[in-house]
Amino acid sequence: MVLSNKILQFNYVLKAFVAYIVIHYLELGISLEQKDGIEPLWTGWGPVIDAYTNPNQHNEITIGDMNLLYDEDKRIVDAVKQQIKSNPSIVLTPVDYANLDIPKPTKKRTNVPVLKYAPVVSCIRNSHLLPVFFGADPNHPAKHAKPADADAIGVKICGNYIPVTAGVNLKICKKAA
């Protein structure tokens, strides 16, 4: 008997969601009619999940019933979550986020300020058309300063074609500031 993990996880989400909405519907901006429409979701879910998880009743009919009910209930739950999230007059607490299974919004990353020094940039590997660069602080070369949630930091490169003629030495100079 193979059971769907998403349906089993949704079982616990739905139980906590409905119970929390029934108790806190006023603070969450849910109308009485909506609360009364959400409350039967859990009572209707019970017999179907019981048949779905019972080895003696688990067959194509109970799987189909479970999938249909899951799709309908998930659509309703997601719509209510979106309604709660998009209401600017509601400030959600960490308990609200946990019981309603709403992901807490992450802070937007801002641009990194311009450095007051020129970093040392070295090409550490150059496979075919895929160079890998390493940038470091020239004053503290062993320091690895990268935001905790960043996997890598990009390096912007500007390439320019310079035609080389025979007998001419080219020198690349820094632009005077």
Side-chain angles (χ1 to χ4, degrees), residues 1-115 119 125 127 129-135 143-157:
M1 178 171 84
V2 178
L3 300 175
S4 169
N5 282 334
K6 70 176 183 179
I7 290 175
L8 295 176
Q9 288 174 349
F10 184 72
N11 182 47
Y12 297 107
V13 169
L14 183 65
K15 181 177 183 178
F17 182 83
V18 171
Y20 198 75
I21 290 287
V22 167
I23 295 169
H24 300 284
Y25 71 96
L26 290 175
E27 297 93 22
L28 297 171
I30 306 280
S31 67
L32 183 62
E33 293 80 20
Q34 274 185 306
K35 180 199 72 111
D36 291 341
I38 292 170
E39 203 168 0
L41 292 180
W42 179 246
T43 55
W45 179 267
V48 179
I49 192 76
D50 289 342
Y52 178 73
T53 56
N54 185 346
N56 296 327
Q57 295 178 348
H58 188 81
N59 55 37
E60 290 182 18
I61 295 171
T62 57
I63 293 170
D65 291 345
M66 185 78 257
N67 287 333
L68 287 173
L69 187 62
Y70 167 79
D71 289 340
E72 182 64 23
D73 286 359
K74 178 97 170 97
R75 186 184 59 77
I76 293 169
V77 167
D78 287 345
V80 173
K81 286 182 189 179
Q82 185 61 38
Q83 174 189 342
I84 293 169
K85 267 188 350 185
S86 61
N87 189 342
S89 65
I90 298 172
V91 177
L92 295 175
T93 64
V95 175
D96 294 335
Y97 283 115
N99 284 305
L100 298 174
D101 194 42
I102 296 175
K104 196 165 189 176
T106 57
K107 293 182 180 177
K108 299 281 185 193
R109 184 182 298 276
T110 59
N111 289 335
V112 178
V114 177
L115 301 174
R125 186 174 61 225
S127 9
L129 296 176
L130 189 63
V132 176
F133 292 97
F134 178 77
K143 181 180 177 186
H144 294 286
K146 179 175 67 169
D149 60 341
D151 290 334
I153 297 176
V155 176
K156 289 187 179 180
I157 308 171

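All residue numbers in this chain count up from 1 along the given sequence. All values below were derived from every heavy atom in this structure, side-chain atoms included, with hydrogens, water molecules and symmetry-related copies excluded. Predicted, not measured: the structure shown is a model, and the values here were computed from it.
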Taking it one step at a time, do L92 and L28 satisfy side-chain contact (heavy atoms from CB on, under 4.5 Å)? CA-CA 8 Å; L92 295 175; L28 297 171; 3.9 Å; yes
Would you compute the distance between atom CG of D73 and atom CG of L68 and round it to the nearest 0.5 angstrom? 11.0 Å
Tightest non-hydrogen contact, residues Y97 and P105, listed as OH-CD, 3.6 Å
List the atom pairs, with distances to 0.1 Å, where a side-chain N or O of residues 83-90 and a protein N or O form a donor-acceptor pair under 3.5 Å, not counting sequence neighbours.
from: Q83; atom 1: OE1; to: Q34; atom 2: NE2; distance (Å): 2.7
from: Q83; atom 1: NE2; to: Q34; atom 2: OE1; distance (Å): 3.2
from: S86; atom 1: OG; to: Q82; atom 2: O; distance (Å): 2.8
from: S86; atom 1: OG; to: Q83; atom 2: O; distance (Å): 3.4
from: N87; atom 1: OD1; to: S89; atom 2: N; distance (Å): 3.1
from: N87; atom 1: OD1; to: S89; atom 2: OG; distance (Å): 2.7

Considering non-hydrogen atoms only, spot the tightest contact between P94 and K104 and give its length. CG-NZ, 4.5 Å
Report all side-chain donor-acceptor pairs from residues 6-26 shorter than 3.5 Å, counting only partners two or more places apart or in another chain.
from: N11; atom 1: OD1; to: W45; atom 2: NE1; distance (Å): 2.7
from: Y20; atom 1: OH; to: D96; atom 2: OD1; distance (Å): 2.2
from: H24; atom 1: ND1; to: E27; atom 2: OE1; distance (Å): 3.3

Taking only residues at least two apart or on different chains, which pairs with a member in residues 32-56 satisfy salt bridge (Lys or Arg N to Asp or Glu O under 4.0 Å)? K35-E39
Hits for side chain to side chain donor-acceptor pair (under 3.5 Å) against R75, two or more places apart or cross-chain, chain-then-number order -> E72
Apply side-chain contact (heavy atoms from CB on, under 4.5 Å) to residues H58 and I63 and explain how you reach the verdict. CA-CA 7 Å; H58 188 81; I63 293 170; 3.6 Å; yes
Sorted by chain and number, sequence neighbours left out, side-chain contact (heavy atoms from CB on, under 4.5 Å) with D78 holds for K74, K81
Would you name the heavy atoms of G44 and L69 that are closest together and state the gap between them? O-CD2, 3.7 Å
I61: what forms a side-chain contact (heavy atoms from CB on, under 4.5 Å) with it, not counting sequence neighbours? N59, D65
